[in-house]
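Before any comments, here is the structure.
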Amino acid sequence: MRILDLTIKDLRQLVRDWKTALFLVIMPILFTLLFGFAFGGFGGGAQDPRLPVGFIDQDRSSSSASLLRLLDQSGTLRPVLLEGQEADPERAERKVQAGDLAAVVIVPASYGDRLLAGEMIPLRVLLDESEPAGLTARREIQTAALRLAGAAEIARLSAQAYEAQARFADGLARRQFLAEAVDRAIQAWQEPPLTMLKTESKAMEANPIMQSGFSHASPSMMVQFSIAGLIGAATILVSERKSRALRRLLTTAISRPQIILGHYLAMFLMIIIQFVILIAFGQLLGVPYLRQPLAVALVMAATAAWTAALGLLIGVLAKTEEQTIIYSLIPMFVLSGVGGAWVPLEFTSQTFQTIGHLLPTAWAMDGFENLVIRGLGIESVLQPVAIMSAYAVGLFALAAWRFRFE
Amino acid sequence: MNGQPAIQVRDLHKRFGDLHAVKGISFTVPAGQIFSLLGPNGAGKSTTISILSCLLQPTSGDALVMGHSVQREPMAVKAAIGVVPQEIALYEDLSARENLDFWGKMVGLRGAALRQRVDEVLEIIGLADRQKGRVAKFSGGMKRRLNIGIALLHRPQVIIMDEPTVGIDPQTRRNILDSVKELNRQGMTVLYTTHYMEEAQELSDQIAIMDQGRIIAQGTHQDLVQIVGELDRVDLTLNALPDWVTDRWQQIPGVQKVIVGAPSHPQATDGERTVTLLVDDSNLVLPRLFESATQAGVRITSVTIQEPNLEAVFLHLTGRALRDE
Ligand SMILES: Nc1ncnc2c1ncn2[C@@H]1O[C@H](COP(=O)(O)OP(=O)(O)OP(=O)(O)O)[C@@H](O)[C@H]1O
Ligand SMILES: [Mg+2]
């Protein structure tokens with residue numbers, strides 16, 4: 001009970017400070033609007049966050065059609081079929097340079113035939129490797145091409161196996177057999193049998209849903225400003241210690257662990273209230289949080305759990321009210337920037353993604369975006385939630401260990 | 001409980017690493033008294049009080065509050081005492097009433113009992129009509145009163161105050177001294193620390209003089225002043241200070257103690273030095289002092305004579321002044 005009394009006291013102090021509302025609600029709403037409109041906002045065509053990739057088909061075989069489908073299914077790329085005048089490679093290259101396209105894939109003539117004949121032939125890909133979008137596109141195109149080559153290999157082998165026993169009626173029948181085998185192989189890849197231990201990348205399972213430009217901005221600003229909002233809560237802790245009220249608490253019946261828990265709970269509730277407001281706002285902007293209310297609540301609670309523990313740690317480490325600002329803003333910038341709250345991590349290099357996922361923000365973003373962008377179910381947030389909970393425990397333990405009463 | 005002392009301190013020691021802050025002190029505060037710990041900065045007053053309020057563990061020895069050991073029954077001790085810290089340990093962004101509500105809950109009050117007690121305390125500290133005001137907007141004196149009020153919420157039998165008058169204006173100080181007396185009149189035992197001898201003298205039934213972790217004298221004001229007996233204290237300002245002063249003046253009949261440079265004259269300007277003497281009868285000694293000064297060509301620029309007081313006692317026992325202002 002005394003824990004809650006302390007929590008309520010903290011929350012009351014927070015409400016008294018106008019800066020609380022500014023950091024917790026007003027700024028994230030303004031930034032969500034700003035970035036949301038920058039990413040396309042309510043607009044029509046720009047709603048697809050996938051990278052546009054030009055596709056010039058000089059082959060027009062069933063294999064090139066399969067490649068186009070594979071690219072489309074990558075979840076990260078949005079292939080744009082370039083035809084007629086548009087199919088001019090030089091013209092397409094200019095579009096890459098202008099940033100209108102992340103890359104251009106040129107499928108050379110007789111690509112399909114030679115592939116099915118067992119030849120490894122390169123695709124022509126135009127892209128700018130100095131751009132993260134270019135790197136992402138290259139990786140995805142490579143994956144698709146390898147997958148197609150693999151499927152072609154399987155098809156070729158099964159055709160040979162067939163020919164060992166029977167003969168194809170004619171060339172057309174053989175071609176049809178091969179095309180079908182390629183598709184089957186690709187499909188089999190997408191629906192791996194249970195015995196396959198390696199799971200496919202998220203992007204392959206994903207079922208991208210219609211989304212607004214706010215689908216990234218809303219969760220990212222929410223995560224970022226939950227850290228900024230720690231300034232106020234940590235300041236309460238610092239001034240309580242400086243005024244010696246914290247020491248005075250020790251002369252009353254409340255125990256040390258109760259004091260720590262009470263403050264932690266106040267920060268946790270503050271962030272939950274912030275999230276509820278911002279999620280309601282995001283929903284109004286068309287971000288489909290309510291499609292998976294339970295899963296969203298899980299991610300929200302896990303995110304609040306580690307953020308509050310971070311807030312406690314800031315309150316413990318900062319010696320003055322001014323220091324709480326620095327101690328909050330530095331982790332806010334690092335955690336948001338590297339953790340994918342500014343640029344979605346899937347648009348960055350593999351190395352950057354790996355580093356990003358050392359930070360809890362990346363898992364918070366994964367959790368929210370699995371739900372509102374990739375349209376995945378509750379099972380997709382279990383890993384992020386578990387990892388964030390581990391962060392919460394670690395940060396809390398650190399804060400409790402370093403907690404100073406004077 | 002009749003006759004049981006409110007506080008018993010027995011051979012209490014506290015070390016902070018190498019620093020021996022409290023070196024085996026013992027004292028007893030009978031219930032219903034005002035007891036002062038008087039001592040200069042660093043004497044160990046706050047350390048002693050922190051042990052009594054269960055904020056610090058003694059290195060050895062024990063203290064009993066209302067018969068409860070601070071080591072073995074800290075909860076019972078906390079329930080029996082109200083601690084008024086030296087600092088304004090409040091939440092300035094909350095109102096007076098919200099502060100009292102919160103601190104009341106921390107000592108276990110709830111509901112109607114809490115509301116009623118908060119009303120009573122607001123009356124006692126004279127803030128009933130300002131209860132909704134934010135503490136940040138209060139004057140220093142109002143904050144001090146609220147700081148005391150918080151310690152009264154759970155009706156403690158003993159109230160412990162650590163230098164509550166440091167750095168406040170004379171009017172607020174008067175106010176606080178009066179409320180201490182009033183609380184005591186209502187039956188509370190008060191343990192008060194200060195380095196102002198006037199406060200100790202005015203308030204206390206008993207005084208313990210502390211210095212460098214020890215109690216160097218203890219008793220009523222009368223008892224303590226007896227230590228310096230009928231001695232007068234003479235403060236002189238000289239325009240120069242030859243080395244022989246101490247030795248030669250010490251030999252003058254009737255001079256008990258000569259202390260050079262006791263800084264009790266803040267107005268002493270450059271080159272001027274002060275000398276304080278404890279003497280049997282200033283009327284007899286003063287002419288001899290002037291005579292000896294004149295012989296040596298030293299001018300005495302001012303003379304103050306004081307009746308025996310605690311300051312003189314401290315000076316007599318330690319050779320130093322109580323205040324180093
Ligand atoms: N937590 C601590 N750690 C180390 N040393 C301490 C600690 N608390 C007090 N001291 C030292 O113990 C000695 C006694 O300090 P204490 O605060 O008890 O003195 P005081 O009589 O209250 O003085 P003041 O009038 O300045 O408040 C001082 O030398 C002080 O520096
Ligand atoms: Mg002190």
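Only this structure's heavy atoms are used, side chains among them; waters, hydrogens and symmetry mates stay out. Order of the sequence lines sets the chain letters (A, B, ...), proteins ahead of strands, with each chain counted from 1.
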Toward chain A, the part of [X] with a non-hydrogen atom under 4.5 Å:
X	value
B/Ala79	neither
B/Met75	side chain
B/Gln86	neither
B/Leu94	both
B/Asn147	both

*Relative to each other, are the rings of B/Tyr91 and B/Phe102 parallel, tilted or perpendicular (30° and 60° limits)?*
perpendicular

*Does the ring center of A/Phe214 lie less than 6.0 Å from the ring center of A/Phe37?*
yes

*Considering only heavy atoms, which portion of A/Leu249 lies under 4.5 Å from any heavy atom of chain B: side chain, backbone, both, or neither?*
both

_Report which part of A/Leu6 has an atom under 4.5 Å of a heavy atom belonging to chain B: side chain, backbone, both, or neither._
both

*Report yes or no: do B/Glu199 and B/Thr165 form a side-chain donor-acceptor pair below 3.5 Å?*
yes

*Should B/Glu87 and A/Arg248 count as an ion pair when the cut-off is N to O under 4.0 Å?*
no

*Look at the side chain of B/Lys45 and the backbone N and O of B/Pro40, then say whether any donor-acceptor pair between them is shorter than 3.5 Å.*
yes

*Of the listed residues (A/Thr252, A/Asp17, A/Ile8, A/Ile254), which shares the most heavy-atom pairs with chain B below a 4.5 Å separation?*
A/Thr252

